[in-house]
Amino acid sequence: MIYADYNATAPLRPEARDAMLEALEIGANPSSVHGPGRAARKVLETARAQVARAISAIPQDIIFTSGGTEAAALAIHGAVRKLDGTCTLIVSAIEHEAVVKNAGYADVPVETVYVTESGQIDLDALRQRLEKWDTERSGTPILALMLANNETGVIQPVAEAAQLVHEYGGLVFCDGVQGLGKIPVNVSLLGADYLSLSAHKAGGPQGVGALWIRSGSPLMAVLMGGGQERSLRSGTENLSGTAGFGAAAEAAVADLGKLKQLEAWRDAMEERLISASGVTVFGRSAPRLPNTSNFALEGFRAETQVMAMDLAGVAVSSGAACSSGKVKRSVVLAAMGASDELAECAIRTSYGWRSTQQDFEQTADVWLEAAKRRAVKETT
Ligand code: PLP
């Protein structure tokens, strides 16, 4: 099986697996003061330091959560609560549902900032909106802008947007889930005030993530209880999960050099698909994650492609697979101006630490074969 769905979940890295198994053997609570508890605490703090190092942050600013979704929820609801609701959320049109839906439930006004055809946020539109900002009426602007899009891989100009928003006294939450381990992430350069991360996109386990918060940024807990994670996220920490996360983050960052190679293989695959059958590759004109390729051929429906490729041993997802596995209209591709007819035919391929050149070549072989069979069927 060729696995080309790393943006959904990357296979567990061996370093993460080893760290998890070791942590599972401890069997103690990191908040306990006895020896085993202290051993658990050591594992937890080592993981925190590893995750912090992966984004050039300090460990004290990392709050472990149950994943990227919870980290987004904490950032959004935690900031809104701390500001007593005197704020307006400005959400980019291509955010993941974890951000869009939490923003929708935050009980404050939500505005959308659109993207250009390239898939990047329209910074001019953002500037124009901020120039007219009425703080009295709208409170603090909080921009939610992801680091890289999960469907297209398009990397967002977070630093520029953050500079702009800060000029107007606002805050920036960046969903960094798809960036970690795929591009260098340095919180000082990024300029955001909150950054969410998820272990399973970087070769760690599912169900664990983190929120990095710039020291001093407004944040209030949304989950109450025993006061773990500096009282910002109560609940006994997922010890083996965080151990796996730390090890995966460290290994993924050490492996970043390999991504140049992935990018070259990805580009070669796209060239082949474009020249052989004229596919449209989304986000090609913008800076993109080196591992992602989202493409469509009008008339060749995504479900058909995903099934044909699965049968031929290549695991990909449709451009906009939702959690139930069903295909639904891609908000991201629509925001980039793609027609419904084309967007319905988009599939996403994404690769990572275990991918080989052959994986890319075989993806193209299998896809071209499926496209050929479909063309024959249509003409007979
Ligand atoms: N944000 C982005 C961009 C994602 O791709 C995902 C996962 O698909 C999430 C957030 C949610 O992360 P998690 O699955 O860890 O809750």
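Since we're looking at a predicted model, the values are computed, not measured.
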Q. Which value, rounded to the nearest 0.5 Å, describes the distance between R354 atom CZ and D359 atom CG?
A.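 Interatomic distance, R354 CZ to D359 CG, rounded to 0.5 Å: 9.5 Å.
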
Q: Please examine the side chains of I76 and Y105, heavy atoms only from C-beta on, and report whether any two atoms are closer than 4.5 Å.
A: no

Q.
Between R48 and T242, is there a side-chain heavy-atom distance shorter than 4.5 Å?
A.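 No. Closest side-chain heavy atoms not under 4.5 Å.
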
For [X] and [Y], does a side-chain donor sit closer than 3.5 Å to a side-chain acceptor?
X    : Y    : value
T9   : Q206 : yes
S32  : N29  : no
S66  : E70  : yes
Q178 : K182 : yes
S318 : E303 : no
N149 : H96  : no
E270 : S293 : yes

Give me the atom names and distance for the closest heavy-atom approach of [X] to [Y].
X    : Y    : result
R13  : D255 : NH1-OD2, 3.1 Å
P109 : C87  : CD-O, 3.7 Å
V115 : A335 : CG2-O, 3.5 Å
L297 : C345 : O-CB, 3.3 Å

(Q) Determine whether a donor-acceptor pair (N or O, by modelled atom type, separation under 3.5 Å) exists between the side chain of Y351 and the backbone of D5. (A)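 Not confirmed, Y351 side chain does not pair with D5 backbone.
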
(Q) M146 and side chain to side chain contact (heavy atoms under 4.5 Å, CB included): which single residue from I121, I94, V177, I155 fits? (A)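 That would be I94; it is the only one of I121, I94, V177, I155 passing the side chain to side chain contact (heavy atoms under 4.5 Å, CB included) with M146.
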
(Q) Out of the candidates T363, V316, N294, only one should pair with I347 under the side chain to side chain contact (heavy atoms under 4.5 Å, CB included) rule; please name it. (A)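 Exactly one candidate clears the test, V316.
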
Q: Would you please indicate yes or no on a ring centroid separation below 6.0 angstrom for W367 and F295?
A: yes

Q: Applying side-chain hydrogen bond (donor to acceptor under 3.5 Å, both in side chains), name anything that partners T292, two or more places apart in sequence or on another chain.
A: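 side-chain hydrogen bond (donor to acceptor under 3.5 Å, both in side chains) check on T292 returns N7.
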
**Q.** Partners passing salt bridge (Lys or Arg N to Asp or Glu O under 4.0 Å) against E95 (at least two apart in sequence or in another chain)
**A.**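 In terms of salt bridge (Lys or Arg N to Asp or Glu O under 4.0 Å), with neighbours along the sequence ignored, E95 is linked to no residue.
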
**Q.** Contacts of type salt bridge (Lys or Arg N to Asp or Glu O under 4.0 Å), residue K372, not counting sequence neighbours
**A.**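 Here the qualifying residues are E369.
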
Q. If Ile, Leu, Val, Met, Phe, Trp and Tyr residues are connected whenever their side-chain heavy atoms lie under 4.5 Å apart, and connections chain through other members, are I62 and Y194 in the same group?
A. no

Q: Would you please test E344 and R301 for salt bridge (Lys or Arg N to Asp or Glu O under 4.0 Å) and show each step?
A: CA-CA 6 Å; E344 271 169 13; R301 290 183 62 85; 2.9 Å; yes

